[in-house]
2 protein chains.
Amino acid sequence: MTQPRSMMKIGINMVQNGGHSSGWRHLDADPDIANDFEGYARIIKMAEDAKIHFVFLADGAAVRIPHSNAEELSYHGHIDRFEPLTLLAALAAITSKIGLICTASTTYNEPYTLARKYASLDHISHGRAGWNLVTGWSEDESLNFNRDTLMEHAQRYARANEFVDVVTGLWDSFDDDAFIANKASGQYFRPEGMHVLNHQGEFYKVRGPLNLRRSPQGHPVIAQAGSSVPGRDLGARVADIIYTGQKDLQLAQEFFADMKARVAAAGRDPSQVLVMPGLMPIIGATEAEAQARMAELKSLVHPEVGMQLISKTFGDLSHLDPEDPVPLPLPESNGVKSARDQWERRLREKPMTVRQVYEEISLSSGHCVVCGTVETIADHMQRWFESGACDGWNLMAPYFPSGAEDFITKLIPELKRRGIFHREYEGETLRANLGLNPVPDLKNKSNDGRSKSDDRISMSN
Amino acid sequence: MTQPRSMMKIGINMVQNGGHSSGWRHLDADPDIANDFEGYARIIKMAEDAKIHFVFLADGAAVRIPHSNAEELSYHGHIDRFEPLTLLAALAAITSKIGLICTASTTYNEPYTLARKYASLDHISHGRAGWNLVTGWSEDESLNFNRDTLMEHAQRYARANEFVDVVTGLWDSFDDDAFIANKASGQYFRPEGMHVLNHQGEFYKVRGPLNLRRSPQGHPVIAQAGSSVPGRDLGARVADIIYTGQKDLQLAQEFFADMKARVAAAGRDPSQVLVMPGLMPIIGATEAEAQARMAELKSLVHPEVGMQLISKTFGDLSHLDPEDPVPLPLPESNGVKSARDQWERRLREKPMTVRQVYEEISLSSGHCVVCGTVETIADHMQRWFESGACDGWNLMAPYFPSGAEDFITKLIPELKRRGIFHREYEGETLRANLGLNPVPDLKNKSNDGRSKSDDRISMSN
């Protein structure tokens, strides 16, 4: 890494109804928040007041829960959610500093449409947009998009690689200063400032230009969440943020080092790609109170929900009793390979029962859960950050709104006191606040892909 | 029509940079408004204060101007625009009553994605969303979506018919009262309240359900703008609003009568489908001032722009002098058939020069322009409304912001004085404000497709 790095970056991961599968059943939870724009808005404004870098919205274009009938499905609190770009655009209008990142799949979208939407969000928010690029692991999504099965993993990533190049190419359709709107001459833009993409690849044929001037960030921030080898390579090549699920410090350090090496191998500056795992803090005034809260959350998991949730990674285990050990080896998966591989490694070291596994998955969708006081949770975050395991965190609340209020009003101030979280937004755009260099337009991009003014920009960061 | 109809409905058609192709060059125009969210927001709030029923955003997923090089294109002020669903979601957060309608094409979108986005906008806006369904007439769009040519007209409409059924089917995935979030039992929704679409048609295979509860309007309002026979039949079958370009009273009356007859033939109540042509008022304190303003606008049309704009309907006429008459017959078109046919009829009656035609097309994209004082423009609107030519209007401003401020602050008050425009929004949703019946969920829909409570609902309107 070429730049000093003393402050962690933090996003708030707004899983609808909370990151815990059954958090909506908690006494303090508002079980209708998935459908309450004003409820979302209050939390995001609170996060902005706390200087959290961005809100992060995951997404899927389906009810992504394996089930055989409506009765089974009806116990899941993660059925309904707003389409996230629509939600972020609405949030853009009532916030001014916080970044706005959400997921869209390269498998079920068209690059021209996606490029327009994120560029429009970037304009409307004055430079705060980000795209979390996914390829989609869910069979259920396929069935909503004219397919009978999930597209094969390698094929999904081959398409994703081409897709993202089309999107960034379209974002560069015009130079930053192309639009002049000269009333006297009648010329609306400088012709030499337009760049028609004329893309013809293996999967996409897109002429361009984008029908939108270049947005404030040029390229909205790109996050990427695939942790398989093709996923890591794609992230290393194009992403600004790597979103990942990591529960073990050593594995997280390995992942972090591997990602930074891949970024360097791709000819990019490793400090310019931020590794930000998910983390769900469960906060108590004492350790005992926090442990009790976690036990309470686990007790809320309906067995119907637990058994179905684990099938995503473990296949159908419904023939087993919850107290049976999970049988190894795990079945091969066409979905999220990285989660499957991590679980296989863990279970070989320490077997677990079906119930133990589903209680953990139910807790945080496979992300790290840290249970304790504000001090011990801050200790954990600081230790990981300072020992090369991450550049920051995507914080998840087990339920809303109080689960988020807890970490915004208690944990974030502790991180500020320790001097490892910023007290003010540094700039006007999400890139500036994350310490990421601007992306020069084509006119200002030198042949090696670096900005002609990179040196000046780096010095000012 | 079965209901009394005393009030016209009015939308504000926010063509980026104004409805006049070169309005951005006007002394009073803000030439950067296409890129200015706050500028849009000010106009929409002003329109809401005036009780305008909805904002209407047209769209295209391309720079839809035929050209052979960047220099030719650079004189066009309609190059860049925000993606409209993104813009409407942002506007939803800062308004509370005005409807939010925008265009999306059935040719370049997936029905599942589109259903989610409009349903999300309907939730976030508390029942104010509308979808203007188009099939896309532009060759340029095709080239951005993996195609070499524009899909053939009949094929586009065959797909559109199936597409809209998938979308409305997905909107009915859950009954209005399906979500119960019962913390004690752990049941999040009533299983019998979920309806899985399982659509398998000629063009689409979509399982469902939508991953979103039913939205406040159930079905967001559907507008439809195709005036060809397949377009009219599609509109008669599924639309709530028919958007059309009409310049001649008699032709407009014929269109109106034809549409209402088609609606009745489709088994629907003709009063529940609103025919709303576009109209661009050019307002002066006197007739002479208004005429001078129109002449000024015409003088702003750069010949490069004029010659290119007419090629959409008239084919390439660049070999002609602007003072030559337009040669007949017009070439066959795969694009907007209705515009071509109307022009052919007009030119057979009264020949025009190339310049005369392009100045008119440049003025309003083929919509009716009424030039005069507030009184004479209101006379025109009232005459059309009361003589069975329309149910209301989509008002276009020649340029922004003052072109819109003019009709919001001068024309709308005159219509209120005459008692032909409402002084307050009637209800909470766009449907209610337009006098359209609610769309019952599947549980409350009787076998003939009418609400079980239609009689009660009709009485209360």
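Letters go in sequence order (proteins before strands), and every chain restarts at 1.
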*If you count heavy-atom pairs under 4.5 Å with chain A, which of B:L212, B:L143, B:V206, B:N144 comes out on top?*
B:N144
_Report which part of A:E38 has an atom under 4.5 Å of a heavy atom belonging to chain B: side chain, backbone, both, or neither._
side chain
_For B:A29, is there any backbone N or O sitting under 3.5 Å from a side-chain donor or acceptor partner on A:K183?_
yes
_Largest heavy-atom contact set with chain B, pairs under 4.5 Å, which of A:P84, A:A89, A:P111_ = A:A89
*Distance in Å, B:L85 CG paired with A:T86 OG1, rounded so as to fall on 0.5 Å steps*: 6.0 Å
_Counting heavy-atom pairs closer than 4.5 Å to chain B, which one of A:E71, A:E192, A:H26, A:R64 comes out on top?_
A:E71
*So what's closer than 4.5 Å to chain B heavy atoms on A:L170: side chain, backbone, both or neither?*
neither
*Largest heavy-atom contact set with chain A, pairs under 4.5 Å, which of B:V301, B:V196, B:N182*: B:N182
*If you count heavy-atom pairs under 4.5 Å with chain B, which of A:L87, A:N69, A:D140 comes out on top?*
A:D140
*Sort A:H199 into side chain, backbone, both or neither according to what part of it lies under 4.5 angstrom from a heavy atom of chain B.*
neither
*Can you tell which of A:A61, A:S125, A:A93 has the highest number of heavy-atom pairs within less than 4.5 Å of chain B?*
A:A61
_Using heavy-atom distances under 4.5 Å, tell me whether A:L91 contacts chain B through its side chain, its backbone, both, or neither._
neither
*Could you have a look at B:R116, B:H76, B:H78 and say which one has the most heavy-atom pairs with chain A under 4.5 angstrom?*
B:R116
*What part of A:S185 gets closer than 4.5 Å to chain B, counting heavy atoms only: side chain, backbone, both or neither?*
backbone
*asked:* Among A:F179, A:Y188, A:F189, exactly one meets ring pair (Phe, Tyr, Trp, His ring centres under 6.0 Å) together with B:W24. Which residue is that?
replied: A:Y188
*Rounded distance (nearest 0.5 Å) linking atom OG of A:S215 with atom CG of B:N35*: 9.5 Å
_chain A contact via B:F174 - which portion, at a heavy-atom distance below 4.5 Å_ = side chain
*Any idea which of B:E304, B:H302, B:E110, B:R190 has the most non-hydrogen atom pairs under 4.5 angstrom with chain A?*
B:E110
*Grab the two heavy atoms, one from A:N146 and one from B:F203, that are nearest each other, plus how far apart they are.*
OD1-O, 4.1 Å
*Proximal component of B:L210, with respect to chain A [non-hydrogen, under 4.5 Å]*: backbone
*Against chain A, label B:I94 side chain, backbone, both or neither, depending on which of its atoms sit under 4.5 Å from a heavy atom there.*
side chain
_Pairs of heavy atoms under 4.5 Å with chain B: top-ranked of A:S74, A:P191, A:A41_ = A:S74
*Go through B:M194, B:R81, B:E72, B:R147 and name the one with the most non-hydrogen pairs under 4.5 angstrom from chain A.*
B:R81
*Is chain B contacted by the side chain of A:L73, its backbone, both, or neither, given a heavy-atom distance below 4.5 Å?*
both
*Step by step, work out the salt bridge (Lys or Arg N to Asp or Glu O under 4.0 Å) result for B:R213 and A:D32.*
CA-CA 11 Å; B:R213 66 186 72 187; A:D32 287 319; 3.6 Å; yes
*Does the distance from a Lys or Arg side-chain N to an Asp or Glu carboxylate O, for B:D148 and A:R207, drop under 4.0 Å?*
no
*Regarding B:H123 and A:E83, is there a side-chain donor-to-acceptor distance under 3.5 Å anywhere?*
no
*Check whether A:L121 gets within reach of chain B through its side chain, its backbone, both or neither, counting any heavy atom under 4.5 Å.*
both
*Report the distance from atom CZ of B:F37 to atom NE2 of A:H126, rounding to the nearest 0.5 Å.*
8.0 Å
*A:D59 versus chain B, heavy atoms under 4.5 Å apart: side chain, backbone, both or neither?*
side chain
*asked:* If we define contacts as heavy-atom pairs under 4.5 Å, which of B:P209, B:A34, B:G60, B:A119 has the most with chain A?
replied: B:G60
*Contacting region of A:A92 [heavy-atom separation from chain B under 4.5 Å]*: neither
*asked:* With chain B as the partner, which of A:S120, A:A184, A:G193, A:S22 has the greatest number of non-hydrogen pairs under 4.5 Å?
replied: A:S120
